[in-house]
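Following: one structure in structure tokens, then a few remarks.
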Amino acid sequence: MKTFYVTTPIYYANSLPHMGHLYTTVVGDFLRRYKRQRGFETFFLTGTDEHGTNIERASAKAGRTPREHVDYIVGELQKMFGAFGLDTEHGGFDIFMRTTEPFHYEGAQEFWRRAAAGRTPKGRENIYKGFYEGWFCAPCATFKTEAEMLPAVEEGGPPLCPIHERPLDKVSEESYFFRLSDYDEALLEIYEARPDFVRPEARRNEVVSLVRGGLEDVSISRLKSSVSWAIPVPDDPQHTVYIWFDALINYITALGWGSEQRRAQAGEDLFEKFWPGVHLIGKDILRQHAVLWPAMLLAAGVELPRAVVAHGLWLDQTGRKGSKTLGNALELPTLLRHFKVDAVRYFLLREMSFGQDAKVDYEAIIERSNADLANGFGNLVSRTLTMIHKYFGGIVPVDDIPESKRLLAKRAGVGSDAQELSSSLELMRDQFIQSIEEFAFHRALEAAWGMIARVDKFISDAKPWELAKSEEQRETLGAVLYRAAEAVRWLAVLLYPVMPESSNAIRVQLGLAGEALVSDPAELKWGGLRPGEQVGEVAPLFPRIDKVKTMSEIEQKVFLDYAASLVDESKPAEGAHATQAAVPGAPTAAGTQPAQPPQQGATEAQAPPEGVAYISIDDFVKVELRVGQVLTAERVPKSDKLLRFTVDVGEAEPRQILAGIAEHYEPEAMVGRKLVIVANLKPRKLRGFESQGMVLAASVGEEGRPVLATFTEDVPNGARLK
RNA sequence: UGCGGAGUAGCUCAGUGGCAGAGCAGCGGUCUCAUAAACCGCCGGUCGCGGGUUCGAUUCCCGCCUCCGCGACCA
């Protein structure tokens with residue numbers, strides 16, 4: 001039997017379920033259902049990536065052990081998948097893979113050994129010991145990434161730890177390296193020989209140019225003393241496997257590769273049966289899947305995946321990536337509350353031109369759901385079946401028009417056979433299938449909806465309600481309704497992978513409850529609907545959504561959540577650190593005030609929570625605020641945000657001050673302007689220029705747009721603000 | 001500035017070396033089987049700008065501009 005194996009990435013067990021998880025998993029679920037229909041035996045993997053520093057830290061912060069933390073996240077993810085019908089119980093994934101599974105430890109270590117024993121294409125060792133260099137904070141006991149450190153105080157000096165504000169140490173740590181650099185040519189040959197290996201094409205080109213630019217060896221281990229929440233390196237207990245190396249291997253250990261335990265558990269050799277698979281990923285993790293992973297497999301002597309398929313990301317209406325902090329991401333519970341799961345699935349597959357980014361907001365989902373599902377497909381099913389009930393007592397009529405009535409039918413504009421309709425169905429079906437095979441799901445659905453419009457038009461042209469008035473046209477009427485209903489049957493079969501539940505409901509409404517729904521669309525033949533059978537009861541498949549009402553409910557909810565989060569965040573988390581001083585800039589005391597319903601605009605919610613930390617006047621006078629006048633202003637080269645000013649603060653020499661406002665203020669317009677300056681701020685170097693002070697500005701709106709503090713009356717330069 | 005992506009109808013986006021497309025929204029009409037639905041028609045675009053290749057470019061090439069994401073930088 002033909003087999004098909006599809007994977008989502010295993011999601012990092014650090015964040016709660018979000019749109020990204022839902023999307024990739026829906027695509028995977030859709031693909032596997034489609035392939036199963038086509039007669040493949042399928043295996044669908046999703047799961048979680050559970051090791052590494054970030055999880056250690058996040059769990060410590062939450063006062064849990066790493067194990068408790070990942071179990072919690074996994075629980076939330078599984079709940080979400082269940083709610084969206086993506087779990088095994090609903091015919092979804094076959095395995096929820098976790099990298100903390102003992103069998104994964106076994107398989108990953110075996111993989112390491114195989115890779116270590118093998119040679120690169122250039123004949124060298126795949127894995128060697130070297131030194132990993134990084135900036136280390138001793139009090140934190142961790143390495144800091146670029147994003148996690150403050151710039152050096154002096155040129156050429158070490159960067160600072162943002163938590164301890166002390167210089168970081170350049171530490172080199174013994175580490176194993178994977179000799180990725182030896183794989184460039186081998187990889188390029190693969191991309192060349194297998195144009196479908198990385199898709200879509202734009203992504204393939206990206207990968208090719210990346211690899212052409214040369215590859216560097218990658219560190220694949222950490223000292224156990226710095227990262228202990230990880231898989232031990234085989235035969236070297238001082239080291240643990242670095243997260244990416246560990247995580248990617250899951251795609252084969254899940255199938256029992258390298259683990260007797262897992263093979264026994266599965267009861268069959270899944271690896272033999274299903275590998276190689278198709279990896280669905282977001283374009284943000286393309287490198288790991290299209291470069292590192294294939295090289296790893298080559299190193300360990302394992303067959304490469306069938307394909308790496310990268311999709312785009314969901315953006316908000318202004319084109320920004322959806323994120324929790326910006327509040328522009330769609331909330332999964334909100335989707336569940338207001339939309340049918342099938343409507344969400346349809347939206348996700350239809351709205352995104354697969355491979356590209358797409359914009360999304362709740363309104364877009366409502367509009368699609370109403371236009372395509374309620375007015376389109378749902379209404380077609382409803383009008384067709386209603387007429388069968390109304391004119392034929394719910395009994396499926398006969399398609400054929402007897403010889404004697406054909407002329408009459410023709411006069412009414414109805415053909416003597418269903419040829420025209422059935423061939424356009426076949427054409428659409430072929431386009432549908434072909435588009436899916438090309439990962440152009442949006443195009444497949446576009447084709448299906450073109451067909452829906454066609455059937456709607458077919459009905460409007462034939463005017464069954466007119467035919468019903470004439471006993472002579474009884475057979476013509478029957479033929480029209482049969483044809484419409486048969487077209488609906490085809491659509492239900494084709495759309496099953498997209499909307500399993502609704503497709504099933506249609507099958508029941510058509511009176512085909514006993515028929516297999518999961519039949520191969522390629523095998524669809526005209527005439528599957530049997531005349532004389534009783535059709536089921538008609539019920540709306542996709543209720544029309546009241547846009548105004550629903551939007552206001554959603555907005556209300558968003559506000560309440562936000563208000564609640566303010567209260568929550570100011571509470572001590574999980575009972576830990578209750579007595580510690582709060583981080584500067586964060587709310588300090590616990591707010592006990594319950595969230596109030598919105599009175600005004602959402603910006604009201606920006607007000608600080610209850611329990612402000614007071615400072616004394618002595619604290620305030622430490623800050624030396626002075627009036628300064630801009631003498632010169634220019635953009636700082638190679639910086640989007642920085643303006644460099646010279647400012648007269650009433651001193652002998654003007655000061656040089658940098659401010660991150662270049663996106664909102666033109667330098668030319670700044671000259672001569674009077675500003676409020678923090679005059680006794682410790683000087684700092686930014687982009688090579690020393691900033692001797694700081695410009696005060698209000699921070700407005702979600703993005704914190706700066707609005708400079710100004711005076712409406714004339715003030716002398718250097719005047720102190722008190 | 002580095003990397004990646006995008007600029008086509010009011011909105012969301014398809015698309016192709018050969019007379020510019022869909023859906024939604026808007027306007028007008030038809031109809032009543034249907035979920036205030038469907039059907040018909042209209043409105044609407046110098047396909048970011050400038051060059052080049054070509055008989056012909058929105059489509060290929062070069063340059064530029066703008067926007068977005070990542071990086072950096074924002075204390």
In dot-bracket, 5' to 3', how would RNA chain B read with Watson-Crick or G-U wobble pairs under 3.5 Å, [ ] for crossing ones and | for pairs to another strand?
-> .((((((..((((....[..)))).(((((.......))))).....(((((..]....))))))))))).....
Within the structure shown, what part of the strands sits under 4.0 Å from A:Ala468 by heavy-atom distance: base, sugar-phosphate, or nothing?
-> nothing
Taking the C1' atom of each, how far is B:rC43 from B:rG28, in whole Å?
-> 10 Å
When the distance from CZ of A:Phe347 to C1' of B:rG23 is rounded to whole Å, what number comes out?
-> 13 Å
Gap between atoms CG and C1', on A:Asp361 and B:rC11 respectively (whole Å) = 11 Å
Below 3.5 Å is the cut-off: list the nitrogen or oxygen pairs between protein and nucleotides 28-33 of chain B, distance only.
{"unit_1": "B:rC33", "atom_1": "O2", "unit_2": "A:Arg383", "atom_2": "NE", "d": "3.1"}
{"unit_1": "B:rC33", "atom_1": "N3", "unit_2": "A:Arg383", "atom_2": "NE", "d": "3.3"}
{"unit_1": "B:rC33", "atom_1": "N3", "unit_2": "A:Arg383", "atom_2": "NH2", "d": "2.6"}
{"unit_1": "B:rC33", "atom_1": "N4", "unit_2": "A:Arg383", "atom_2": "NH2", "d": "3.0"}

A:Leu349 has an atom CG; how far is it from atom P of B:rU12, in whole Å?
-> 21 Å
Between atom CD1 in A:Ile365 and atom P in B:rC13, what is the gap in whole Å?
-> 14 Å
Ion pair A:Glu438/A:Arg443, N-O distance below 4.0 Å = yes
What is the nucleic acid contact for A:Asp456, judged by heavy atoms within less than 4.0 Å: base, sugar-phosphate only, or nothing?
-> sugar-phosphate
Could you tell me whether the phosphate oxygens of B:rG15, OP1 or OP2, come under 4.0 Å of any side-chain nitrogen or oxygen in A:Arg443?
-> yes
When the distance from CD1 of A:Ile285 to P of B:rC70 is rounded to whole Å, what number comes out?
-> 16 Å
Heavy-atom closest contact (A:Ile545 atom, A:His338 atom, distance) | CD1-O, 4.2 Å
Please measure how far the C1' atom in B:rG7 lies from the corresponding atom in B:rC64, and state the result in whole Å.
-> 14 Å
Assess whether atom CD of A:Glu420 is packed by more than 12 heavy atoms of other residues, nucleotides or ligands within 6.0 Å.
-> no
Within 6.0 Å of CZ in A:Arg673, more than 12 heavy atoms from elsewhere = yes
For atom NZ of A:Lys283, is the number of surrounding heavy atoms from other residues, nucleotides or ligands below 6.0 Å larger than 12?
-> yes
Rounded interatomic separation in angstrom, taking CZ from A:Arg204 and P from B:rG4 | 16 Å
CD of A:Gln534: more than 12 outside heavy atoms within 6.0 angstrom?
-> yes
Gap in Å between the two C1' atoms, one belonging to B:rG2 and one to B:rC61, rounded = 24 Å
Taking atom C1' in both B:rG51 and B:rC13, compute the distance separating them and give it to the nearest angstrom.
-> 29 Å
Would you mind classifying the nucleic acid contact of A:Ala374 as base, sugar-phosphate or nothing, using non-hydrogen atoms under 4.0 angstrom?
-> base
Quote, to the nearest angstrom, the C1' distance that separates B:rC68 from B:rG26.
-> 30 Å
Cation over ring, A:Arg474 on A:Tyr391, under 6.0 Å and within 45°?
-> no
Between A:Glu486 and A:Arg489, is there a salt bridge with N-O shorter than 4.0 Å?
-> yes
How far does the C1' atom of B:rA75 sit from the matching atom of B:rG69, given to the nearest Å?
-> 25 Å
d(CH2, A:Trp314; C1', B:rC68) in whole Å | 17 Å
Checking ring-ring contact (aromatic ring centres under 6.0 Å, His included) against A:Tyr346, which of A:Phe30, A:Phe542, A:Phe441, A:Trp449 comes through?
-> A:Trp449
Closest to the 5' end of RNA chain B, once A:His442 and A:Lys283 are matched to their nearest nucleotides, is A:Lys283
Among B:rC39, B:rU35, B:rC24, the one nearest any side-chain atom of A:Asn379 is B:rU35
Which nucleotide in B:rC24, B:rA14, B:rU35 has an atom nearest any side-chain atom of A:Glu446 | B:rA14
Inspect the surroundings of CD in A:Glu501 and state if more than 12 heavy atoms from other residues, nucleotides or ligands are less than 6.0 Å away.
-> no
Please measure how far the C1' atom in B:rC27 lies from the corresponding atom in B:rC33, and state the result in whole Å.
-> 27 Å
Base, sugar-phosphate, or nothing for A:Leu541, non-hydrogen atoms under 4.0 angstrom?
-> base
Near A:Glu533 CD, under 6.0 Å, is it more than 12 heavy atoms from other residues, nucleotides or ligands?
-> yes
Distance between the C1' atoms of B:rU54 and B:rC11, in whole angstroms?
-> 36 Å
Atom CD1 of A:Ile657 and atom P of B:rA75 are separated, to the nearest Å, by 12 Å
Contact class for A:Arg203 (heavy atom, under 4.0 Å): base, sugar-phosphate, or nothing?
-> sugar-phosphate
